[in-house]
Number of protein chains: 2
Amino acid sequence: MQDTKRHAYAHARPALAVDCVVFGFDEDQLRVLLIQRDLPPFAGGWALPGGFVRIDETLDEAARRELHEETGVDRVYLEQLYTFGGVDRDPRERVVSVAYYALVKLSSHQVAAATDARDAAWFALDDLPPLAFDHADIIETAHRRLQGKLRYEPIGFELLPRKFALSQLQRLYEVVLEQPLDKRNFRKKVLSMDILDELDEVQKDVAHRAARLYRFDERRYRRAKKAGQEFQL
Amino acid sequence: MQDTKRHAYAHARPALAVDCVVFGFDEDQLRVLLIQRDLPPFAGGWALPGGFVRIDETLDEAARRELHEETGVDRVYLEQLYTFGGVDRDPRERVVSVAYYALVKLSSHQVAAATDARDAAWFALDDLPPLAFDHADIIETAHRRLQGKLRYEPIGFELLPRKFALSQLQRLYEVVLEQPLDKRNFRKKVLSMDILDELDEVQKDVAHRAARLYRFDERRYRRAKKAGQEFQL
DNA sequence: AAAGGATAGTGTCGGACAAACACTTAGGCA
DNA sequence: TGCCTAAGTGTTTGTCCGACACTATCCTTT
């Protein structure tokens with residue numbers, strides 16, 4: 001409840017920001033998109049893209065706007081993660097931050113778009129630079145959330161090219177979940193979900209037998225989900 | 001990232017509040033604790049307990065403080081739920097609210113404590129009065145989260161007396177998950193988790209065969225969880 | 001004291017799904 | 001032509017989940 005009495009007082013208000021943990025998948029590494037700060041505090045240090053919430057935009061809008069402004073990234077899977085409200089997160093003043101995580105297809109042109117705007121760069125999740133504020137905590141929380149989500153919802157496709165081989169998908173799962181998976185069981189499981197289109201196309205420019213390509217069929221997925229189907233592992 | 005440049009500008013800031021969805025379990029109903037507003041907007045209407053975040057307290061602290069001030073409820077299971085940032089949530093001004101959900105043991109004296117402070121009352125989840133702001137949305141989100149959480153973490157005990165019968169626990173699961181469960185399978189499953197102490201005590205004042213009482217053993221639970229044990233259903 | 005009512009408490013079987021496991025095929029490259 | 005690398009493919013075994021019905025205990029009523 002927002003109490004009208006206390007509304008009358010002009011209490012000091014925490015500032016409200018959004019921060020985005022942008023995940024990308026690069027062959028066999030999970031990466032995070034960071035930007036380099038040019039001003040104190042943490043000048044020269046790396047931080048998550050983000051910024052203050054404007055008075056006339058929703059939180060989701062703020063997250064997408066900042067993401068676009070600071071990294072050029074656009075039209076991605078985006079979901080609210082957690083709100084970080086530690087009193088001393090920011091040394092200047094009280095800032096509460098609503099954290100989001102995003103999944104992008106590194107294969108698209110987005111890498112280029114990302115790297116020209118400001119000083120943005122992809123870092124391997126297991127080899128991050130020192131981070132500003134509590135952004136290391138936020139990334140850790142995002143990683144755990146991604147692991148949990150991936151186990152029971154097929155969002156892995158958001159990190160792959162539109163057309164992909166099953167082995168790519170498996171590598172993605174192995175990297176994110178940090179555990180090896182059995183090839184035959186994995187294929188059996190994924191194909192049995194019946195949400196992939198088998199294409200009449202195979203990989204190009206590989207130095208070995210080319211793998212068949214598949215495409216995620218979002219329509220079928222939605223229908224199956226509505227019908228109560230599960231998508232574990 | 002909190003951008004220092006924009007810090008210089010005195011942008012209009014959204015106000016920041018917390019709201020709490022407090023769940024209680026009453027024999028065979030899931031209930032929510034609401035308070036009655038005495039001032040506009042929505043004067044006389046019902047709303048979630050909550051209020052503005054102070055400049056020197058964390059979000060968790062704010063949630064616990066408001067909960068205590070407005071309902072007398074104290075020392076409960078509390079977890080952040082989601083942050084609601086719709087632009088027109090509050091007709092007076094822009095207010096972003098970090099929602100929490102809490103689980104309380106109705107059996108404790110907390111009911112009494114809750115009902116004396118202000119006009120607080122328990123409502124059955126499936127028979128709520130008209131609610132202020134977007135609080136109906138928040139409660140719905142909290143309910144779904146509770147369902148999801150209960151499926152794979154043993155938090156049901158937070159809603160029951162310290163000593164309880166297995167049938168009570170089962171009814172709780174049935175009510176929250178909105179599906180009937182098989183008695184024998186349920187007992188088998190719960191007991192196999194090995195996180196309950198079987199007490200040398202039975203129910204009193206029941207008009208039929210008295211059931212054996214159990215107690216949740218949090219130490220054992222933590223140890224088992226650390227060892228990687230699952231707690232599904 | 002007996003009968004009835006209500007809930008407690010208990011075990012088995014069958015089917016489905018998950019986990020373990022190895023060889024053959026295809027294509028590029030030396 | 002041979003080799004290297006990854007693709008692709010089934011079966012078996014065990015475990016866990018779900019379905020299912022009767023007896024025991026205690027209190028209440030007559």
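Every chain is numbered from 1, with letters handed out A, B, ... down the list of sequences.
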Rounding to a whole Å, what distance do you find between [X]:[atom1] and [N]:[atom2]?
X: A:Phe186; N: C:dA20; atom1: CZ; atom2: P; value: 16 Å
X: A:Asp205; N: C:dG27; atom1: CG; atom2: P; value: 15 Å
X: B:Lys188; N: C:dT12; atom1: NZ; atom2: P; value: 11 Å
X: A:Leu181; N: C:dA18; atom1: CG; atom2: C1'; value: 13 Å
X: B:Leu199; N: C:dA8; atom1: CG; atom2: P; value: 16 Å
X: B:Lys189; N: C:dG9; atom1: NZ; atom2: P; value: 20 Å
X: A:Asn185; N: C:dA22; atom1: CG; atom2: P; value: 13 Å

Evaluate the ring planes of A:Tyr82 and A:Phe84, with Trp represented by its six-membered ring, and classify them as parallel (under 30°), tilted (30 to 60°) or perpendicular (over 60°).
perpendicular
Side chain of A:Arg209, base of C:dA26: donor and acceptor closer than 3.5 Å?
no
Side chain A:Arg64, main chain A:Val76, donor-acceptor under 3.5 Å:
yes
Looking across every strand, which nucleic acid part, if any, lies under 4.0 Å from A:Lys183 by heavy atom: base, sugar-phosphate, or nothing?
base
Just call it for B:Arg212: base, sugar-phosphate, or nothing, with non-hydrogen atoms closer than 4.0 Å on any strand.
sugar-phosphate
Looking at B:Ser167, does any N or O in its side chain come under 4.0 Å of the phosphate oxygens OP1/OP2 on C:dT7?
no
When rounded to the nearest 0.5 angstrom, what is the spacing between CG in B:Leu196 and CG in B:Leu166?
6.5 Å
What is the distance from atom CZ of B:Phe157 to atom CG of B:Leu103, rounded to the nearest 0.5 Å?
12.5 Å
Of B:Ala210 and B:Gln232, the one whose nearest nucleotide on DNA chain D sits closer to the 5' end is B:Gln232
Of A:Arg184 and B:His208, the one whose closest nucleotide on DNA chain D sits nearer the 5' end is A:Arg184
Leading and trailing nucleotides of DNA chain D with any atom under 4.0 Å from heavy atoms of chain B:
D:dC17 to D:dC27
May I ask you to say whether B:Asp134 pairs ionically with B:Arg89, meaning some side-chain N is under 4.0 Å from a carboxylate O?
yes
What pairs meet the ring-ring contact (aromatic ring centres under 6.0 Å, His included) rule with one or both residues in residues 167-199 of chain A, with sequence neighbours excluded?
A:Tyr173-A:Phe186
Can you spot which of A:Thr71, A:Leu48, A:Asp119 makes a side chain to side chain contact (heavy atoms under 4.5 Å, CB included) with A:Ile35?
A:Thr71
